[in-house]
Protein chains: 2
Amino acid sequence: MITVAYSSIGDPTGLVEAITLTGAHAVSIEDEETEWDIALIDLRTEPIQQLREAKRVNEDNGCPIIAIITSSQTTLLESEGWVDDFVADPVDTLELRLRFHRLAGQQAEVETQRYKTLELNLATYQATIDGRPIDLTFMEYELLRYFIEHQGRVWSREQLLQKVWGYDYFGGARTVDVHVRRLRSKLGEERASWITTVRSVGYRFG
Amino acid sequence: MITVAYSSIGDPTGLVEAITLTGAHAVSIEDEETEWDIALIDLRTEPIQQLREAKRVNEDNGCPIIAIITSSQTTLLESEGWVDDFVADPVDTLELRLRFHRLAGQQAEVETQRYKTLELNLATYQATIDGRPIDLTFMEYELLRYFIEHQGRVWSREQLLQKVWGYDYFGGARTVDVHVRRLRSKLGEERASWITTVRSVGYRFG
DNA sequence: GCCGGGAATTAACACTCCATTCACATTCGG
DNA sequence: CCGAATGTGAATGGAGTGTTAATTCCCGGC
C-alpha cells in the first residue's frame, strides 16, 4: 500500500479524493507521525509558494515529489529538476495511479549503495568493506555517499560544500580536504586512491 | 534542439505533428542515418507489438522511451519499468514538450570531446588515447581542450594566452611553446604532429 | 651549397601555488 | 564536564608552471 502526502493551499478534499481513488492512502504533509512514500503537491494555486514548500520537504526526507499543474504551467517545471514527475489538470485517476506506482517502485530499490567491495547501507547508516564494518562519522558518511551516488566526475570543493554540507553553508574549502583525508585513511591504504584529487579542480570518486 | 524518433503502427502523421508542435525535430524510428534523443512510441494501436519493438530499440541504443497510451491502458505499463515516461491520450502539446525536455535533460551526462582516438572526458577531467588514460596537468588539459574545440585553424601565442590562460594574463609567449612541447610529448611520437607549428604565426590543431 | 638571422624547440631551473597534514578551537550530546 | 565530531589556521612538501638561456631548425639571400 502506497502512502501519499498531499499539500495544497486551497481545499484539500479534492486531493484526498484523487489519492484515495488511486487506491493509495492519503495523509497531510503536515502529519509528522506518519511516514509516506510520495508527496503530491498542487501547483494549480499559489505555485511559487507550493514549490518552495515542496523543495523543503524534498530536501528534508528525500521522498519523490509529484506535482499537479495546469497545462499552461509547464514552463514552471522546466528548471525544477528535483520534481520527479507531474500530472496535468484535469487529473486522470488511472494515470495518477500509474505514476504513483512508478515513483514508489523506483524508491524501493535504493536501500544500499555500492562501489566495488564497499557498501553503504542507507537505512542503517553503516558502511562495510569486504563485509567488515568501518565506522564513519556523520559527515564522512554523507561525503562518501555523495561521492558514490555521483561517482565518475570531478566535484569542486565549492560544489561539495554546497551539495554535502548544504546550500547555505559557508565554510572554508580546507574543510573538504580534511574530510577527504579522514575518509581516505578510513578506507585504507589501497582504497585511498578511490578518491582522486584533480589538481586545481577538485576531487573525483571512482 | 531535441530530436525525437516516432514509431506507430497506424498513421504516423499524427505523431509527427505532435512532435513538431513541441518544437522538437521528428524522425522515423527506422531512419538509421539520424541520431535521436528520445523515442516516442504510440501504444494506442497494437500495443504489444509496439512494446516489443520499443524494447528492442531501447536495448540497442539505450535512449529514453516515452509512450502514448489511452487512459485504460495504464496497466500495460505497470510492469514495464524500462519505459521512461508516458502521456495519456489525448496528447497535450505543452505537457509532451515538458516531458521531452525532462527526458533529454537527464540524458546529457557524459560530456566528451573527441579527435580521432583521443577523447577528453569533460566531467572527469580525464584524457584517453585508444582508451588508455594519459595524465595531463591542469594547463595541459585546458590547452588541449581548447585546441580540440577549435581545431583546424591557427592560433597565435597571444590568442592562446588570452583564451586559455585568461584575459588578464600577462606572460611571455614562450610559455605557450613549452606547454605545446609538453603536450606533444605526452601525446606520443606519432601523434605529436597533431599540433602543427605555423612558422611566425602560431599553432594549429588537426 | 653555404650563410645568417629569425623562429621554434628543448633543457634546466626557480618559484608559485595547491594539496596535505598537523594541531588546535569549537560545537554538540550525553 | 567530558569525549567525539567537526571546522579552521598555519606549516610543509611537492607538483605544476613560467622563465631564461642554449640549441636546433627553417628559409631566404647570396
Side-chain angles (χ1 to χ4, degrees), chain A residues 125-127 133-147 154-189 191-205, chain B residues 124-127 133-147 154-205:
Chain A
Y125 258 81
Q126 276 172 328
I134 55 173
D135 73 45
L136 301 176
T137 69
F138 177 72
M139 287 312 299
E140 286 162 1
Y141 187 93
E142 290 292 307
L143 179 58
L144 184 54
R145 170 177 166 167
Y146 188 81
F147 271 139
V154 185
W155 298 99
S156 73
R157 288 154 227 279
E158 288 69 30
Q159 286 175 316
L160 289 171
L161 282 174
Q162 230 181 57
K163 300 289 187 179
V164 180
W165 274 260
Y167 285 92
D168 49 352
Y169 183 83
F170 191 68
R174 288 285 79 73
T175 300
V176 178
D177 298 42
V178 173
H179 278 270
V180 165
R181 178 189 165 270
R182 289 170 182 157
L183 249 187
R184 278 176 172 157
S185 102
K186 287 199 180 173
L187 286 177
E189 189 97 21
R191 287 166 293 271
S193 57
W194 286 356
I195 306 174
T196 320
T197 91
V198 180
R199 212 147 215 275
S200 48
V201 182
Y203 294 98
R204 176 187 56 230
F205 186 93
Chain B
T124 66
Y125 259 82
Q126 278 172 323
I134 55 174
D135 75 41
L136 302 175
T137 69
F138 179 70
M139 286 312 298
E140 286 161 2
Y141 186 94
E142 292 290 308
L143 179 58
L144 183 54
R145 171 178 164 166
Y146 188 82
F147 271 141
V154 186
W155 297 99
S156 74
R157 288 154 227 278
E158 288 69 30
Q159 286 174 316
L160 288 172
L161 281 175
Q162 240 187 43
K163 300 290 187 179
V164 180
W165 274 259
Y167 285 94
D168 50 351
Y169 183 84
F170 192 69
R174 286 284 80 76
T175 300
V176 178
D177 298 41
V178 173
H179 277 272
V180 166
R181 179 192 164 267
R182 288 170 182 158
L183 248 188
R184 278 176 172 157
S185 103
K186 287 199 180 173
L187 286 177
E189 189 97 20
E190 309 114 67
R191 287 166 292 271
S193 57
W194 285 356
I195 305 174
T196 321
T197 88
V198 180
R199 208 148 217 272
S200 52
V201 182
Y203 295 98
R204 176 185 57 228
F205 185 92

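Atoms considered below: every heavy atom in the structure, side chains included; atoms not considered: hydrogens, waters and symmetry mates. Within every chain, numbering begins at 1; the chains are lettered A, B, ... in the order of the sequence lines, protein sequences first and strands thereafter. A quick note: this is a predicted structure, and the numbers were derived from the prediction, not measured.
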Considering just the side-chain nitrogens and oxygens of [X], establish if one lies under 4.0 Å of OP1 or OP2 belonging to [N].
{"X": "H179(A)", "N": "dT6(D)", "result": "no"}
{"X": "W165(B)", "N": "dT17(D)", "result": "no"}
{"X": "T137(B)", "N": "dA15(D)", "result": "no"}

Query raised in the report: So what does Y203(A) hit on the nucleic acid, given a heavy-atom distance under 4.0 Å: a base, only sugar-phosphate, or nothing?
Result: sugar-phosphate

Report task. Describe the nucleic acid contact of V178(A) in one word from base, sugar-phosphate, nothing, applying a heavy-atom distance below 4.0 Å. Result -> base

Once the angle between the rings of [X] and [Y] is folded into 0 to 90°, is it parallel (under 30°), tilted (30 to 60°) or perpendicular (over 60°)?
{"X": "W194(A)", "Y": "F205(A)", "answer": "perpendicular"}
{"X": "W155(A)", "Y": "Y146(A)", "answer": "perpendicular"}
{"X": "Y125(B)", "Y": "F138(B)", "answer": "parallel"}

Query raised in the report: Got a donor-acceptor pair under 3.5 Å from the side chain of R199(A) to the base of dC17(C)?
Result: no

Query - Check: R182(B) side chain, dG16(D) base, donor-acceptor under 3.5 Å - result: no

Between [N] atom [atom2] and [X] atom [atom1], what is the distance in whole Å?
{"X": "Y141(B)", "N": "dT17(D)", "atom1": "OH", "atom2": "P", "result": "14 Å"}
{"X": "R184(A)", "N": "dC22(C)", "atom1": "CZ", "atom2": "P", "result": "14 Å"}
{"X": "D135(B)", "N": "dT17(D)", "atom1": "CG", "atom2": "P", "result": "12 Å"}
{"X": "L187(B)", "N": "dT9(C)", "atom1": "CG", "atom2": "P", "result": "14 Å"}
{"X": "L160(B)", "N": "dT17(D)", "atom1": "CG", "atom2": "P", "result": "16 Å"}
{"X": "D177(A)", "N": "dG7(D)", "atom1": "CG", "atom2": "P", "result": "13 Å"}
{"X": "R181(A)", "N": "dA11(D)", "atom1": "CZ", "atom2": "C1'", "result": "15 Å"}
{"X": "M139(B)", "N": "dT19(D)", "atom1": "CE", "atom2": "P", "result": "12 Å"}

Among [options], which is the nearest nucleotide to the side chain of [X]?
{"X": "T175(B)", "options": "dT6(D), dT9(C), dG18(D)", "answer": "dG18(D)"}
{"X": "R174(B)", "options": "dG7(D), dA10(D), dT9(C)", "answer": "dT9(C)"}
{"X": "R157(A)", "options": "dT8(D), dT17(D), dA19(C)", "answer": "dA19(C)"}

Query raised in the report: When rounded to the nearest 0.5 angstrom, what is the spacing between CZ in R184(B) and OG1 in T197(B)?
Result: 6.0 Å

Report task. List the steps, then state whether side-chain contact (heavy atoms from CB on, under 4.5 Å) holds for L183(A) with H179(A). Result -> CA-CA 6 Å; L183(A) 249 187; H179(A) 278 270; over 6 Å; no

